[in-house]
Structures are given as structure tokens and as C-alpha cells.
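One structure below.
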There are 2 protein chains.
Amino acid sequence: MSSPSPLQIWLIEDNTTFRRTLARVLESQDGFECTEGFARCEHALAATERGLKPDIILLDVGLPGMSGLHALPLLREKLPDTKILILTVFDDDDKIFRAICAGAAGYLLKTASPEEITAAIREVVGGGAPMNGRIARRVLEMFSQFGRPTKDYDLSEREIEILNHLTTGQLKKEIAQALGLSIHTIDSHLRKIYIKLEVNTRSEAVAKALKEKLV
Amino acid sequence: MSSPSPLQIWLIEDNTTFRRTLARVLESQDGFECTEGFARCEHALAATERGLKPDIILLDVGLPGMSGLHALPLLREKLPDTKILILTVFDDDDKIFRAICAGAAGYLLKTASPEEITAAIREVVGGGAPMNGRIARRVLEMFSQFGRPTKDYDLSEREIEILNHLTTGQLKKEIAQALGLSIHTIDSHLRKIYIKLEVNTRSEAVAKALKEKLV
DNA sequence: CGGGAAATCACGCAAACGCGTGGTTTTACA
DNA sequence: TGTAAAACCACGCGTTTGCGTGATTTCCCG
């Protein structure tokens, strides 16, 4: 099933021993072909200039010269169809966050066994996003931070509705028209919103509403 | 290793057949104890009032009465230490997003085999966050949307600086004072910002800046 | 070296805004 | 059934804004 066109894999990893060992492991897998190994991102980027396009890249983030995190968006631009898996020892939230935002297709730790790494590659090919369990947990936790309404300002439905119109830049007059109300009513609601949000200007209210996900 | 205190699992799932089958499968696992099965979230919430606290909950989202997504935050509040796994047929971005934001510890699909479900439970106990591969991919894609500067409006440094002041609700006068400039200069910058962002009001500019992560 | 973009400053006007202060009607709940 | 909160409406005042139309200076780059 895989013999006609083996999966082309690149390794970007400065530790030569680890890179070669991993390359050997991957090569031994049916359908895998470890076509290139680079010690620096710059070399990999140069290779893309020569028109080479792997299916998968295993990318270390702690590299001499250009870091993997810096290279990621560049690689993604050059190789939009290539799935890039992070393979690193770092598991801090900032690196995870930046890697994912930059378009990493998965995040593995170097503590992973060869079996786990090959399984991850197969998973990413199958449309998945392999992650170390702890990393996945962190991702979900970070994600859940986005949905918090933070504080409760006890805004009424009408007030939230008007707050929504504010974020579209509408004038009091326009909001009144849109809701079929008098401009004085909008003004009245607006004041209560200001009091509840503890702001004094429209833009401050909009900023607070958006920053704290009230709308 | 697990005999002293088996893992207590609740199922919240309206399909009686599926729930009972799954309960039987889980019970057959070493160290698992399927203590309760509910057809409605309301029943589960009532059970928490009686002081019951499972280790794991498998929660369907498409339920009669209160939906699983509505119940999730309530369950999380009652049972802060319980890991809640979503087990559903739905895989649309909105449901995934809401479930994760509400604190789901994992997201499984009902197409999962019994083996996959038991593996997922063991994974969540081990500090992981089991997800269906496709779901995990979606999560990373959604996540990566947060880091985008979206479009490039070609704002100058000064303009971005002033845009920042705008999001704090400052008046032109105040910004001028803060930057040691004339109010006319701020006005001038403001107009260019409006032109570049294609807006006509301050709040619209603030909204656009925050929504598109320009600041 | 010269052109263009960015940054700075200036004046005036109509429109919109924030705010004080008043009111009535509708809705919700005890 | 009463009462409080929300929603609705109104007028006026002083301030701020958005915009048209100008100008000068600084700095980068071809």
C-alpha cells in the first residue's frame, strides 16, 4: 500500500547522534523514507529553495543559529503542505503556544520512544495531531483560558446587545435606528454600561468588552 | 496496583443501550468501576448534591433537557477534581470549542472502539488529554488562529502606539500629553489610522485592532 | 541628491458625545 | 399586590470628535 511512494521525512536536529539514530529507526519503517537530515534550520530552508518538498518534518526547537520556532513559520510558508512535528525536550507553555500558533501539526517530546514517534508520524498523515499527553493537557488548559468571561459585570441583555453594536462602530443614532428605539434610550443604556464597566468613553467600553470577552 | 481504590466512572448518555453496553465494557476493565449511569445531566447534577464524586465522567453533548455543553461548567464547579471526557457524535468546531473552553479534559467520538475509550480513560488519569485525531487537528488549527496578525494594514510604529492608547480609552488630549505631542499631531495620526483600517470612528478602530490582534 | 513617506503642528466647523436631571412604562419577583 | 429593576423617553450644556485643508520637518532609499 505504501511501496509506490514512500513518505518523505526530514529531520532538523543538531544532535548528530540522535538525528542519525532516529533516521535509522524511521528508515526501517515500512513506507518511510528519511530523505534529509539537517543540523540547522538554515540548511533546511536552503534545501526548500532547491525545490525539495518532504511530507513530514521533525523539528527540534533548541537549535544553534535560527531557532526551530523562528524557522517554523518560514518552513510553513515554503512548504504549505508539509506537516511539521515538533520534537523537543522543552515543554513550557510559551514554547508550546508559539509552536502551535506558528502552525505545528503536533508536539512530541524527546522522551518519546521510537515506536511513539513512528506512531505519531502515521497519525499526522492520517489527519491527526499527535501530542504528548501532558502537552495535550496543557493545550486544552491554555485553550480554556480563552472562553472565560473573566468578571461578571451584571449587564442586562439589552446592554450586551448595545455593547455589540458599539463594537461595530455604530453611532447612537444608528443603534437607535437598528433597534427601533429613541436615541435617548440608547444614551440611557450606554450610561449604565459605562457605570457597570467602570469606563467613561465608548472606546474604553469596547476595549473592555473585547478584552474580557463580554460580547 | 489498582485493587485498593478502583476508578469511579460516571456515564451521562441518553441512549440506554449504548450506556449499558459501555458500562459493561468499562466494568470488565481492571481497576474501573462504573458507579453511575445517567440519561440526563440533571440527574447527574442531583447526584453531586448527594456528595457523590466520581473520578471520571463520560459526557454526551446531545442530550434531552439540559445539553452536555450547558451541564459541563456546572459539573466542573461541583466536581473540580473530576476529569470530564466528552463522548459524542458531534465534531463541529463550535461544539469542540465550547467543550474545551468549559473545561473538558478530552474529546472522544462515539465511533471510538471500546479499547480506545478505555485507553482514553487511562490516559486522562495519567495526566493526558485524549482526543480523537481529527479533533486534535481541529483544536490546533483553532489555536493557531489566535496568533495570526490576520491582515497587514501597514500601520507605522507611531500609529500602533497611538492605537494602543486608544484601547485604554484615552482622549486625544491625554494621548498628546502622554507622548509629549500636540493634540493636532495625534489627530493627524488618528486620521491615517482610520484610513488604513477603513473605519470612521474611534470605537470601530479599537474593535478592529483588538479583534484582529493588531496591538 | 532628490523624491516620498512619515511625523509633526495648525485652524475651524458641524456632528457626536458624555453627563446631569428629569420622567413613564414594562417586567419580574417576593 | 406591591415594589424594585429594567427598559423606555426627553432636554440642555459643555466637551470631544471627525474631517477638510493647510504647512513644516525629518528621514530613508533609489
Side-chain angles (χ1 to χ4, degrees), chain A residues 149-215, chain B residues 42 45 65-66 70 74 149-215:
Chain A
T150 326
K151 293 175 192 168
D152 182 17
Y153 293 96
D154 195 31
L155 294 168
S156 73
E157 276 187 41
R158 209 33 149 186
E159 285 158 3
I160 290 177
E161 186 178 17
I162 290 174
L163 206 42
N164 261 304
H165 283 272
L166 281 197
T167 64
T168 70
Q170 285 178 293
L171 305 177
K172 280 195 281 209
K173 196 196 296 180
E174 294 169 334
I175 301 174
Q177 208 157 23
L179 301 181
L181 296 173
S182 157
I183 189 173
H184 302 293
T185 307
I186 305 301
D187 182 80
S188 169
H189 286 303
L190 230 32
R191 297 182 200 213
K192 298 211 72 178
I193 292 173
Y194 290 175
I195 292 171
K196 289 183 180 179
L197 297 190
E198 297 173 71
V199 299
N200 303 293
T201 69
R202 194 165 299 215
S203 42
E204 211 179 342
V206 169
K208 201 153 191 169
L210 291 175
K211 284 177 183 168
E212 311 202 7
K213 309 240 181 289
L214 303 177
V215 292
Chain B
E42 292 87 338
L45 285 166
M66 181 186 284
H70 275 100
L74 303 176
T150 325
K151 292 175 194 168
D152 183 17
Y153 292 96
D154 195 31
L155 295 167
S156 73
E157 278 187 40
R158 209 34 150 187
E159 285 157 2
I160 290 176
E161 187 177 16
I162 290 173
L163 206 42
N164 261 301
H165 284 272
L166 280 198
T167 63
T168 70
Q170 285 178 295
L171 305 177
K172 280 195 282 209
K173 196 195 293 180
E174 294 169 332
I175 300 174
Q177 208 157 23
L179 301 181
L181 296 173
S182 157
I183 190 173
H184 302 294
T185 307
I186 305 302
D187 182 80
S188 170
H189 286 304
L190 232 31
R191 298 182 200 211
K192 297 210 72 176
I193 293 173
Y194 291 175
I195 293 171
K196 288 183 180 179
L197 297 190
E198 297 172 70
V199 299
N200 303 294
T201 68
R202 194 163 299 213
S203 42
E204 210 178 343
V206 168
K208 201 152 190 170
L210 291 174
K211 284 176 183 169
E212 311 201 7
K213 307 242 181 288
L214 304 176
V215 292

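A quick note: this is a predicted structure, and the numbers were derived from the prediction, not measured. All chains are named by letter (A, B, ...) in the order of the sequence lines, taking the proteins before the strands, and each is independently numbered beginning at 1.
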Taking the side chain as everything from C-beta on, heavy atoms only, tell me whether [X] gets closer than 4.5 Å to [Y].
{"X": "B:I183", "Y": "B:D187", "result": "no"}
{"X": "A:Q170", "Y": "B:T201", "result": "no"}
{"X": "B:Y153", "Y": "B:K151", "result": "yes"}
{"X": "A:L190", "Y": "A:L166", "result": "yes"}
{"X": "A:Y194", "Y": "A:R202", "result": "yes"}
{"X": "A:E212", "Y": "A:L197", "result": "no"}
{"X": "A:V199", "Y": "A:K208", "result": "yes"}
{"X": "B:H165", "Y": "B:L179", "result": "yes"}

Checklist entry - If you check every side-chain atom of A:T185, which of C:dA16, D:dC8, D:dA6 has the closest atom? => result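 For A:T185, the side-chain atoms sit closest to D:dC8.
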
Within the pair [X] and [N], is there a side-chain N or O less than 4.0 Å away from OP1 or OP2?
{"X": "B:S182", "N": "C:dT8", "result": "no"}
{"X": "A:H184", "N": "D:dC8", "result": "no"}
{"X": "B:S188", "N": "C:dC9", "result": "no"}
{"X": "B:Y194", "N": "D:dC19", "result": "no"}
{"X": "B:H189", "N": "C:dA6", "result": "no"}
{"X": "B:N200", "N": "D:dC19", "result": "yes"}

Looking across every strand, which nucleic acid part, if any, lies under 4.0 Å from [X] by heavy atom: base, sugar-phosphate, or nothing?
{"X": "B:D187", "result": "base"}
{"X": "B:K172", "result": "base"}
{"X": "B:L181", "result": "sugar-phosphate"}

Checklist entry - For DNA chain C, what string of dots and brackets results from 5' to 3' when Watson-Crick and G-U pairs need both distances under 3.5 Å, crossing pairs get [ ], and pairs with another strand get |? => result ||||||||||||||||||||||||||||||

Next on the checklist: Within residues 201-209 of chain B, which residues have any heavy atom lying less than 4.0 Å from an atom of DNA chain D?
Outcome noted: B:T201, B:R202

Checklist entry - Mapping B:R191 and B:R158 onto DNA chain C by nearest heavy atom, which one lands closer to the 5' end? => result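 Here B:R158 is the residue nearer the 5' end.
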
Checklist entry - Judged by atom type as modelled, is there a donor-acceptor pair below 3.5 Å linking the side chain of B:E174 to the main-chain atoms of B:L171? => result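 Checked: pair present.
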
